[in-house]
Amino acid sequence: MLLLSLAGVAMLAHGIWIYKQLFSQYGQDLSLTNVSALASLLIGVALSGFVGRSKVLFMLPLVYACAILTIALAFFFPDQYIVHFELRPQIALHIGLSLLAFTVFALACLFAIMFAYLNWNLKHHSVAAIHPALPPLMSIEASLLKLIRIGFVLLSLALISGWVFLDSFWNSGHSHKAILTSLAWLVYAVLLWGRYQLNWRGTRLIVGTISGFVLLTLAYFGSRFVREVLIN
């Protein structure tokens, strides 16, 4: 498809640009805008990979628009947050696992929103629910649960790596990140338990998925936004 071909070229250019932004002569620049641009790229690539297996084409413009926005923010509001992976490579492992978990749960959040939209239209007997561009409701639910399971494993590994490798993980300056991330992990743990033990579906599945992602977003980006943008 022409759209995916053009998107592929754009994402390749995005990847080259963010690589140059991240790996500077001074070290690895993990500023808020750079990390946001990297996360938007990962989400775009991951969602594009779903196109061949699920009808998610209509969600791509939104995701691509967010990617463009994050690049614009990084370009017009440059910032620096230099780290050195060569000195502590275990930090790279922790950050990599955290970004992968965030990407997977971002996709899960998108699927939850799509699930809510289709579910609402089905309950109200709207013809929008049977639009040929939209996937079946059961297919969305199956993909959503798979994403939650994968994300839960990645988030668990990210938390474990943080506890083991980062001395500052529970320090007063970083404890809010650990607490919010742990709360997000707990939300997803309860959600999975409820789904497989009590057969939770519908509203509980949607609310749990979105709530966990909001907590995760606040943990990953909330404090840094306040510190790097609002304060500085």
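None of these values were measured; they are calculated from a predicted model. Note: hydrogens, waters and symmetry copies are ignored here, and every other heavy atom, side chains too, is used.
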Exercise. Where the side chain of Y81 meets the backbone of L32, is there a donor-acceptor pair that is under 3.5 Å apart?
Worked result: no

Exercise. Counting N and O atoms only, with roles assigned by atom type, does the side chain of T181 sit under 3.5 Å from a partner on the main chain of A178, one being a donor and the other an acceptor?
Worked result: no

What's the spacing between [X] [atom1] and [Y] [atom2] if we round to 0.5 Å?
X: L47; Y: T103; atom1: CG; atom2: OG1; result: 11.5 Å
X: L100; Y: F105; atom1: CG; atom2: CZ; result: 12.0 Å
X: N34; Y: I71; atom1: CG; atom2: CD1; result: 11.0 Å
X: L215; Y: I179; atom1: CG; atom2: CD1; result: 12.0 Å
X: M11; Y: I16; atom1: CE; atom2: CD1; result: 13.0 Å
X: R201; Y: L145; atom1: CZ; atom2: CG; result: 8.5 Å

Taking all atoms of both residues into account, what is the closest heavy-atom pair of [X] and [Y], and its distance?
X: Y26; Y: H84; result: O-CE1, 2.7 Å
X: Y220; Y: A101; result: OH-CB, 4.4 Å
X: S40; Y: A67; result: OG-CA, 3.5 Å
X: L180; Y: A219; result: CB-CB, 3.5 Å
X: I210; Y: C109; result: CG1-SG, 4.0 Å
X: I82; Y: G27; result: CG2-CA, 4.0 Å

Give a yes or no on whether [X] and [Y] share a hydrophobic cluster (residues Ile, Leu, Val, Met, Phe, Trp, Tyr; joining criterion: side-chain heavy atoms under 4.5 Å apart).
X: L60; Y: I68; value: no
X: V45; Y: L12; value: no
X: W193; Y: L144; value: yes
X: I160; Y: L183; value: yes

Quick check: do [X] and [Y] have side-chain heavy atoms less than 4.5 Å from each other?
X: V83; Y: I91; result: no
X: T70; Y: T33; result: no
X: F102; Y: T217; result: yes
X: L159; Y: L97; result: no
X: W120; Y: F115; result: no
X: L216; Y: L155; result: yes
X: K146; Y: E141; result: no

Who passes side-chain contact (heavy atoms from CB on, under 4.5 Å) against [X], sequence neighbours left out?
X: L69; result: L73
X: L38; result: I18, L22, L42, L99
X: L192; result: I148, R149, F152, Y196

Exercise. If you look only at pairs with a residue in residues 153-162, which of them pass as a side-chain hydrogen bond (donor to acceptor under 3.5 Å, both in side chains), with sequence neighbours excluded?
Worked result: H94-S161, S156-W185

Exercise. Among pairs that include at least one residue of residues 6-23, which meet side-chain hydrogen bond (donor to acceptor under 3.5 Å, both in side chains), considering only residues two or more places apart or in two chains?
Worked result: none

Problem set entry | salt bridge (Lys or Arg N to Asp or Glu O under 4.0 Å) involving R204 - partner list, sequence neighbours excluded | none

